[in-house]
Amino acid sequence: ALLVALIKGSGADILSSQSSQVGSEDEMNVMFVGSYRDNEVDDAHPLARVLCDFASDKTVDVTNIPLLRFTLETLNEMLSDSLLMPIRRVRSLSEIVMQKTDG
């Protein structure tokens, strides 16, 4: 099985219910791919608790890949590729996204 989740708001509650099934006697293969801003998730956040549970479970392999903020150029290229538009056409959108998300 492949599980791809975007966690926003109460999404950690859904993940928490899934985590109770991880490590059960029935063999289950799950790939969880998620992203979050570490400055918005403190130790008391439900997602942090679930990730801690996963990390302490010997039957679960956890890989964290920290990412730096996007540069305007990188964001512009990514949006250009995603929207199938020339880089020059998405520049203003890239600037808005950069302003709203801080990269």
Side-chain angles (χ1 to χ4, degrees):
L2 174 64
L3 171 67
V4 179
L6 173 62
I7 296 183
K8 188 73 173 171
S10 64
D13 296 335
I14 295 167
L15 182 58
S16 180
S17 68
Q18 294 298 318
S19 71
S20 64
Q21 298 175 12
V22 173
S24 68
E25 292 185 20
D26 298 333
E27 186 174 327
M28 179 190 286
N29 295 307
V30 176
M31 174 185 238
F32 168 73
V33 178
S35 66
Y36 63 94
R37 293 179 179 256
D38 59 357
N39 63 335
E40 295 177 0
V41 177
D42 62 13
D43 291 342
H45 193 282
L47 176 60
R49 291 193 302 267
V50 170
L51 293 175
C52 184
D53 290 346
F54 282 162
S56 65
D57 188 329
K58 300 287 187 220
T59 65
V60 178
D61 292 324
V62 176
T63 302
N64 291 311
I65 304 172
L67 302 174
L68 299 176
R69 292 183 169 121
F70 290 128
T71 64
L72 181 59
E73 293 74 27
T74 302
L75 180 59
N76 201 39
E77 289 175 19
M78 186 178 68
L79 288 174
S80 173
D81 289 345
S82 298
L83 298 174
L84 302 174
M85 295 179 72
I87 289 177
R88 62 179 164 66
R89 295 282 314 265
V90 296
R91 181 69 179 198
S92 60
L93 176 60
S94 299
E95 290 170 353
I96 292 169
V97 170
M98 182 64 98
Q99 181 182 28
K100 296 284 187 182
T101 65
D102 194 25

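We number each residue from 1, following the sequence as shown. Side chains included, hydrogens not; waters and symmetry mates left out as well; all remaining heavy atoms used.
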- The single option from Asn76, Leu75, Leu79 that satisfies side-chain contact (heavy atoms from CB on, under 4.5 Å) with Leu93 is Leu79
- Query: Tell me, do Tyr36 and Leu51 make a side-chain contact under 4.5 Å, heavy atoms counted?
  - Reply: yes
- Task: Answer yes or no: is there a donor N or O on one side and an acceptor on the other, between the side chain of Ser56 and the main chain of Cys52, under 3.5 Å?
- Result: yes
- Note on the structure: Heavy-atom closest pair (Thr59 atom, Asp57 atom, distance to 0.1 Å) is OG1-OD1, 2.6 Å
- Item | same_hphob_cluster(Val97, Met85) at 4.5 Å side-chain heavy-atom cutoff | yes
- Message: Around atom CZ of Arg37, are there more than 12 heavy atoms from other residues, nucleotides or ligands closer than 6.0 Å?
- Response: yes
- Scanning both residues in full, the closest heavy-atom pair of Glu40 with His45 reads O-CD2, 4.1 Å
- Item | Asn39, CG: over 12 other non-hydrogen atoms inside 6.0 angstrom | yes
- Check whether more than 12 heavy atoms from other residues, nucleotides or ligands sit under 6.0 Å from atom CG of Asp42, and answer yes or no. yes
- Task: For Met98 and Leu72, work out which heavy atoms get closest and say how close.
- Result: CE-N, 3.1 Å
- Closest contact, heavy atoms only, Pro86 versus Ser80: C-OG, 3.7 Å
- Message: Test your reading of the model: is there a side-chain donor-acceptor pair from Arg49 to the backbone of Ala44, 3.5 Å cut-off?
- Response: yes
- Item | Inter-residue atom distance Leu83.CG - Met78.CE, 0.5 Å rounding | 9.5 Å
